[in-house]
There are 2 protein chains.
Amino acid sequence: MSSQYTFTGQFTFSIDSKNRINIPAPLRKQFSVKDKKTFVITRGIDQCAWIYPINEWEIIQTELKQLSSLSKTNRVFLRNHLRHANIIKFDSQGRFVLPQSLVDYTTIKKDVTIIGVLNKIEIWNPNLLRKVDQSDEVDDQSYEQLSERVNI
Amino acid sequence: MSSQYTFTGQFTFSIDSKNRINIPAPLRKQFSVKDKKTFVITRGIDQCAWIYPINEWEIIQTELKQLSSLSKTNRVFLRNHLRHANIIKFDSQGRFVLPQSLVDYTTIKKDVTIIGVLNKIEIWNPNLLRKVDQSDEVDDQSYEQLSERVNI
DNA sequence: TAACATAAGTGGTTAATAGTGGGTTAAAAT
DNA sequence: ATTTTAACCCACTATTAACCACTTATGTTA
């Protein structure tokens, strides 16, 4: 079964003196009643933070369990993906506290860019994202290959 | 299954001080009852905006969900496609608000050209479209290639 | 074809929501 | 016991969305 979440869009918000970040209303509205206010935040593979609604996270965990720890890649990935996973709630204003370890990892200072990517939400330092945009130009060949699989 | 939408025609409308654009009645009438008033607007490949009825977008989304974020190409592709996608409703007058990021991207000032292209609607700055019309003359060879796939 | 009726396009005002900032109290950690 | 952290509450401002109103175009009927 595929995800019930379809986060999209980009937003520029700010982090306050208490490390609180607001979740953009269009994204917040998608949190189901059951998962209300609860989600998991962890390190992204890129230098950003990933937010999953709690029941999405449970699906991810099921998939992660399939990975054998005999592979070094798997071990490293699992370790880094799980050790920084925090269960978080947002307050009555729709904000959450970004854990210090993720403030450091993402190098977020004042401004925050928030991007909806289907079943997860990415939290970026805007300056860093700009750099990534420039350097991560995916070569045409990769896109050509993708185009054979995705028809948009 | 092919699309239920067959948007056609060109219209010249205007954007108002609140960045509202009217959807031409002939196009608006095609929005089904279920999708009433809801659609997705995003960056086109050219310097225009693309509008998809929400259920057209869901077809695209289903394909995007197949892509694993463990692949870097996929991550960049997903992020860059989804970050500019806005879920939008039009008001009781049949207008919608063009997000600021797309106002910038399309360089739309006052006049707006709206074109129906089968399953999507394109939103252009008329001046820009004129330039593209002149420079984008498709060479004969490309048409030859197309002819192998499309029978018109 | 003239008059009327209806729909379409445009403009503005008001009410509701969203984003941000800060303070107070309760819980937790040192 | 003291300091730090986290939850909760209140408040202000800016933005957005809902509502109302007017003008122009289109179409219909006498």
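In what follows, chains are A, B, ... by sequence order, proteins preceding strands, each numbered from 1.
As rounded to whole Å, 15 Å separates atom C1' of dC12(D) from atom CG of Asn22(A). One interatomic measurement links the two molecules: CG of Asp111(B) to P of dT10(C), which rounds to 10 Å at whole-angstrom precision. Taking atom CZ of Phe11(B) as the reference point, atom P of dA7(C) lies 18 Å away to the nearest angstrom. Look at CG on Asn86(B): it is 11 Å from P on dA17(D), rounded to the nearest Å. Taking atom CD1 on Ile15(A) and atom C1' on dG21(C), their separation rounds to 14 Å, with Å as the unit. Between the CG atom of Asp16(B) and the P atom of dG12(C) there is a distance of 8 Å, given to the nearest Å. Rounded to an integer number of Å, the gap from CG of Asn19(A) to C1' of dA7(D) is 15 Å. The CG-C1' distance, from Asp91(A) to dG22(C), rounds to 13 Å in whole Å.
A distance-only check finds no donor-acceptor pair linking the side chain of Tyr105(A) to the backbone of Thr42(A) [under 3.5 Å]. Within the 3.5 Å criterion, the main-chain N or O of Leu67(B) finds no donor-acceptor partner in the side chain of Asn74(B).
For Lys29(A), taking side-chain heavy atoms from C-beta onward, the closest of the listed nucleotides dA18(C), dC19(D), dG21(C) is dA18(C).
One cannot find a donor-acceptor pair under 3.5 Å joining the base of dG19(C) and the side-chain atoms of Arg28(A). Checked by distance alone, Arg20(B) brings a side-chain donor or acceptor within 3.5 Å of a matching partner on the base of dG12(C).
If you run side-chain contact (heavy atoms from CB on, under 4.5 Å) between Phe7(A) and each of Ile51(A), Leu27(A), Leu118(A), only Leu27(A) comes through. Here the rule is ring pair (Phe, Tyr, Trp, His ring centres under 6.0 Å) with Phe39(B), and of Trp50(B), Tyr52(B), Phe96(B) only Phe96(B) fits it.
The 5' end of DNA chain C is approached more closely, in terms of each residue's nearest nucleotide, by Ala25(B) than by the other of Ala25(B) and Lys110(A). In this structure, Val97(A) and Ser92(A) both approach DNA chain D, and ranking their closest nucleotides by distance from the 5' end singles out Val97(A).
Counting any heavy atom pair closer than 4.0 Å across all strands shown, Ser14(B) reaches sugar-phosphate atoms only and no base atom. Across all strands, Lys18(B) comes closer than 4.0 Å to base atoms (heavy-atom distances).
Remark: Phe90(B) CZ to Thr38(B) OG1 distance equals 8.0 Å, nearest 0.5 Å.
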